[in-house]
There are 2 protein chains.
Amino acid sequence: MPAQRADARRNYARILAVAEEEVATHGADASLEQIARTAGVGSATVRRHFPTRHALLEAVFRGRIETLATRARELAESDDVRAALLDWLGALTVYSATVQGLATALLRDGELDPEHANPCVNPLAEAGEPLLRRAERAGAVAPGVTPVDLVTLIAGIALATQHHPDPAAEATRLLHLTVAGISPRA
Amino acid sequence: MPAQRADARRNYARILAVAEEEVATHGADASLEQIARTAGVGSATVRRHFPTRHALLEAVFRGRIETLATRARELAESDDVRAALLDWLGALTVYSATVQGLATALLRDGELDPEHANPCVNPLAEAGEPLLRRAERAGAVAPGVTPVDLVTLIAGIALATQHHPDPAAEATRLLHLTVAGISPRA
DNA sequence: TACGATACGGAGGGCCCCGCCACTTAGCAA
DNA sequence: TTGCTAAGTGGCGGGGCCCTCCGTATCGTA
């Protein structure tokens, strides 16, 4: 018993492919109707496959998020714990600042459902946790920092720099400030 | 030669008053039509007085921004340069995280006109500059930090925490992390 | 091949932003 | 006070988006 009909799977793939391009150019506010039109399906079909805008964004960014999670796992075996953490944070920052709509998806995540199911933030937070824990044990990170804090801060930086001429560079610069501290105690 | 007719001034004031409430409850995405309806004017009148959404937001937040600028000038005479800066950053954070739409207005600011005229960020940046300079000279702040950086970072934090149960508290917590540094060098 | 469940998409309602344009009214002058 | 003129107004229509409903086409199977 195929859980899904063949045409449904086809449409899902078409919509997702179009959505990726559309979100890449127009960000998280891309028109769902425009996506439907370009994909050659009715707008109801888009809604059927992706009940909410966030569901669509989640699907669009799943790959990117997985890539970042994998990178975190690789870096978890690096020798320099601090450099490993910073490396990952830098990658996360560049992704967030470069990929249109990703930061929005991260922040709007779990906006309504208070329980679990933050499909964007959670994988990243879980992937980053070992990295953070290790750095914490080595005294390379301030106490009281959670993985979600890191993702939130970086998403905020990305959102704040998205209208800058060079978002990635500016976001990276602000990340460095945040890492080093604006006004660390001497 | 009255630059403006009496009824125009009246409508301007009515619209602004309604807009303040509406933005306070619905944030930066408040419906301009709803504002017009509540104010008892046509939507065209709203557009005439405030050609863009940002122009309206700017007017709505002008008072708040002025208050923050005044606070900065007061703190500029404080003895403890570091505490003065942090105090102001804290106030800026609480405002940005509490006042619906303020952070958005700060970030969307100067989005289109590349030249001067960032009517929200500029006054804040100029007000904060002496505070920052003083702290810099005293070695209490990392080099390479600009006033705009501070406003941008804080606005980003506010945006990132706006869906949190207690935005002001969460934003303040993240500000402290940013000030102290995520991973300051030992 | 015929049937039933699944999936589709067009139509319609509601809301919004935007621009146009005929009308009203405030403020000045006679 | 009265009349004139331009500043100011707001209703209307166009276009777009989101969302829902429901009749219809298609798939997979018996």
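Below, chain A is the first sequence line, B the second, and so on; all start at residue 1. Note that this is a predicted model, so its numbers are computed, not measured.
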- Query: Apart from V81(B) itself, what residues make up its hydrophobic cluster, given side-chain heavy atom links below 4.5 Å?
  - Reply: none
- Query: Okay, side chain of R64(A), backbone of S96(A): is any donor-acceptor separation there less than 3.5 Å?
  - Reply: no
Short heteroatom pairs, N/O only, protein and nucleotides 8-10 of chain C, under 3.5 Å:
unit_1 : atom_1 : unit_2 : atom_2 : d
dC8(C) : OP1    : N11(A) : ND2    : 2.5
dC8(C) : OP2    : R48(A) : NH1    : 3.4
dC8(C) : OP2    : H49(A) : NE2    : 3.4
dG9(C) : OP2    : G42(A) : N      : 3.2
dG9(C) : OP2    : T45(A) : OG1    : 3.1
dG9(C) : O6     : R48(A) : NH2    : 3.0

- Task: With heavy atoms under 4.0 Å as the rule, sort R37(A) into base, sugar-phosphate or nothing.
- Result: sugar-phosphate
- Could you list by number each residue of residues 16-36 of chain A showing a heavy-atom separation from DNA chain C of less than 4.0 Å, or answer none if no residue does? none
- Can you pull the side-chain hydrogen bond (donor to acceptor under 3.5 Å, both in side chains) pairs that have at least one residue in residues 85-94 of chain A, sequence neighbours excluded? R71(A)-D87(A)
- Query: Which other residues belong to the hydrophobic cluster containing L159(A), where Ile, Leu, Val, Met, Phe, Trp and Tyr are joined when side-chain heavy atoms lie under 4.5 Å apart, directly or via other members?
  - Reply: L107(A), L107(B), L159(B)
- Using the test side-chain hydrogen bond (donor to acceptor under 3.5 Å, both in side chains), find all partners of R37(B) that sit at least two apart in sequence or belong to another chain. Q34(B)
- Tell me, please, which residues at least two apart from F61(B) pass ring pair (Phe, Tyr, Trp, His ring centres under 6.0 Å). none
- Message: Listing request: all side-chain hydrogen bond (donor to acceptor under 3.5 Å, both in side chains) pairs with a residue in residues 138-152 of chain A, at least two apart in sequence or in separate chains.
- Response: T146(A)-D149(A), D149(A)-R173(B)
- Calculate the interatomic distance between R47(B) atom CZ and dC12(D) atom P; express it in whole Å. 19 Å
- Task: Within residues 53-61 of chain A, find the residues that approach DNA chain D with a heavy atom at under 4.0 Å, and present them sorted by residue number.
- Result: R53(A)
- Should side-chain heavy atoms under 4.5 Å link Ile, Leu, Val, Met, Phe, Trp and Tyr, which residues sit in the same cluster as V94(B)? none
- Quick one: list whatever passes ring pair (Phe, Tyr, Trp, His ring centres under 6.0 Å) with H54(B), sequence neighbours left out. none
- For I15(B) and dT9(D), give me the distance from atom CD1 to atom C1', rounded to whole Å. 11 Å
- Message: Test: ring pair (Phe, Tyr, Trp, His ring centres under 6.0 Å). Region: residues 3-33 of chain A. Which pairs qualify, not counting sequence neighbours?
- Response: Y12(A)-H49(A), Y12(A)-F50(A)
- dA7(C) C1' sits how many Å from F50(A) CZ, rounded? 15 Å
